[in-house]
Number of protein chains: 2
Amino acid sequence: MPPPPLDFDDHKADRDIDLAAASCRNCDVVREIAFCADLSHDEIKRLATVRCHAQLPPNFTVFREGDAADHVYSISGGAVKLYKLLSDGRRQIIGFLFSGDLFGLGLESGYAYTAETLTQTQLCRFTHRRLDSLRGEMPRLERRLFSMTVKDLVAAQEQMLLLGRKTAREKVASFLLKLSRRAVEQGLPASPVALPMSRADIADYLGLTIETVSRTFTQLKRDGVIGLPDSGHVLLLDGWRLKETAEGGLNG
Amino acid sequence: MPPPPLDFDDHKADRDIDLAAASCRNCDVVREIAFCADLSHDEIKRLATVRCHAQLPPNFTVFREGDAADHVYSISGGAVKLYKLLSDGRRQIIGFLFSGDLFGLGLESGYAYTAETLTQTQLCRFTHRRLDSLRGEMPRLERRLFSMTVKDLVAAQEQMLLLGRKTAREKVASFLLKLSRRAVEQGLPASPVALPMSRADIADYLGLTIETVSRTFTQLKRDGVIGLPDSGHVLLLDGWRLKETAEGGLNG
DNA sequence: CGAGAATTTGATTCCGATCAAGGCCTGTGG
DNA sequence: CCACAGGCCTTGATCGGAATCAAATTCTCG
């Protein structure tokens, strides 16, 4: 594999302007989903002047909980997990992020979570300072950032319901459905869902242990609701039953 | 008790302009905390033109999950709980809100939760439509709404850690500390913390049962960490130990 | 092929849920 | 004033789902 650049290089910003505008213009999927959607070509160009790219390897820590929150990141390819830790090592994954997602926004007193890549990942980085000044001049950008944050909040509230009140089976079913819906949004098929994260990551996202996640997958497979071609992919065989399971509609 | 008006009256808006401006100008606590903070007198006046008040009794449902999201609410006095339900009645309380807090913001496809008063509560109501047009003209308002939403998101992420990874004892300790800190922000004493919500509400907020909440209170009292003068108030006797307990630092 | 990690499976334990009383406060009506 | 009804909260006994402990299996990759 080619040695990936582990650091962002702010000095390349000028050189990257056209590339950025081009990628935002040409790649329909990213243009629709990323936070530069709805912006004019000129606005995208201005955004690009304060942005720089990086290609990061898997399991790379972008920043840690408590670090000074200097930058905002946008994912242009790959996958990222955000998590919080307790002093004894217990971990809660706050979210799995994919192409078009944003993170690191709005924190004044240091990042509230650690961000780590799951796979090889392409990130756009913006300094908080520069992005702030642009926001003041571009109302559509401001609105876009706002609505993305609200969407994150709604998702977080849904996750609270899952963590506080759902059974292991319901949690896993909800998780698979969420991944599947997200894949569809990205233009991918709904059914063979890719799991770029480990069982440990899934467990820490759902408030379970590795063993319980594994057992629940096996159980759902035994019941004919899903298929497990390999540990990194899940087939949704019975979408209706999975949906019912996720909402506590049937089973135990 | 005087019969409280159960409905908002939009036609009183004009009449209320001066009152609104006055209350935001004169009441320091609300001015600092509510989302009209940082706004000029003129801006507050303009906000007031699209706003209307209501005094609501305890246990009053402001709106239900799934209702069309027409309005945004600001609490000027009292307390509100937001919750989500599963089809079989399991409930997760998403948040307890107090003076200065905002809710109902940014939902395009219906409210994502039910909002219900805990105590007698004074609310300001704004239509989404009118507030949206004002936001376009008042960047400081836009920023304020944004930063309040980010704060909610950070709190939601903290709550995910609590729900997914903390023990019952840690959950209750964290809850009491959060209430105490909030009281201090409001200018109230840190120690006799008021609990305007029932044990059932606390349980549904922490992902526990009523019985476990009650037992945990008793246990913390037995250990000399808290005092329970009555079921609606808690004395924080050993703040340091409570903090340690909340973060999983000691005990089991 | 072999070392080490990730995942699955099995046996047992334990924390919090459930089931079941019992106590306490508040309001109401005799 | 007291009796009583109905919440709400607390306490006790038991149960069960997921955690923990332990081991086997599969996957990965040199």
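Here is how names work: the chains are called A, B, and so on, in the same order as the sequence lines, proteins then strands, and each is numbered from 1. The figures here come from the full heavy-atom set of this structure, side chains too, leaving out hydrogens, waters and symmetry mates.
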Handout entry: Sidechain-backbone polar pair: A/Arg169 side chain, A/Gln219 backbone, donor-acceptor under 3.5 Å
Key = no

Practice task
Could you walk me through whether A/Asp70 and A/Arg125 pass the salt bridge (charged side-chain N to carboxylate O under 4.0 Å, His left out) test, one step at a time?
Solution key: CA-CA 10 Å; A/Asp70 298 326; A/Arg125 192 179 75 174; over 6 Å; no

Problem - Euclidean distance, atom NZ of residue B/Lys171 to atom C1' of C/dA17 [Å, nearest integer] - result: 12 Å

Exercise for the section: Measure the distance from CD1 on B/Ile210 to C1' on D/dG7 and round it to the nearest whole Å. Expected result: 11 Å

Practice task
Please report, rounded to the nearest Å, how far the P atom of C/dT7 is from the CZ atom of A/Phe217.
Solution key: 10 Å

Exercise for the section: Taking all non-hydrogen atoms of both residues into account, name the closest pair between A/Gly207 and A/Leu163 and its distance. Expected result: N-CD2, 3.8 Å

Exercise for the section: Output all residues satisfying side chain to side chain contact (heavy atoms under 4.5 Å, CB included) with A/Ala183, sequence neighbours left out; order by chain, then residue number. Expected result: A/Leu188

Practice task
Would you mind reading off the distance between B/Asp230 atom CG and C/dG23 atom C1', rounded to a whole angstrom?
Solution key: 16 Å

Exercise for the section: For the side chain of B/Leu208, starting at C-beta, report the closest nucleotide among C/dT18, D/dA19, C/dG16. Expected result: C/dG16

Problem - d(NZ, A/Lys166; P, D/dG17) in whole Å - result: 19 Å

Practice task
Assign A/Gly207 to base, sugar-phosphate, or nothing according to its heavy-atom contacts below 4.0 angstrom with the strands shown.
Solution key: sugar-phosphate

Problem - Length of the line joining A/His233:NE2 and D/dT26:P, which is rounded to integer Å - result: 19 Å

Practice task
Check A/Lys84 against A/Tyr113 and note the closest heavy-atom contact, atom names and distance.
Solution key: CG-CB, 4.1 Å

Problem - Atom-pair distance (CD on A/Gln219; C1' on D/dA18), nearest Å - result: 12 Å

Problem - Nearest-Å distance for atom pair CD/C1', residues B/Glu211 and C/dA20 - result: 10 Å

Handout entry: Heavy-atom donor-acceptor pair, A/Arg215 side-chain to D/dT20 base, under 3.5 Å
Key = yes

Practice task
Indicate whether OP1 or OP2 belonging to C/dG16 is found under 4.0 Å from a side-chain N or O atom of B/Thr212.
Solution key: no

Practice task
Could you check whether B/Ser231 gets within reach of a base, just the sugar-phosphate, or nothing at all, counting any heavy atom under 4.0 Å?
Solution key: sugar-phosphate

Practice task
Considering just the side-chain nitrogens and oxygens of B/Thr218, establish if one lies under 4.0 Å of OP1 or OP2 belonging to D/dT11.
Solution key: yes

Handout entry: B/Ser198 side chain near D/dC8 phosphate (N/O to OP1/OP2, under 4.0 Å)
Key = no

Problem - 5′-ward residue of the pair A/Arg199/A/Arg165 relative to DNA chain C - result: A/Arg199

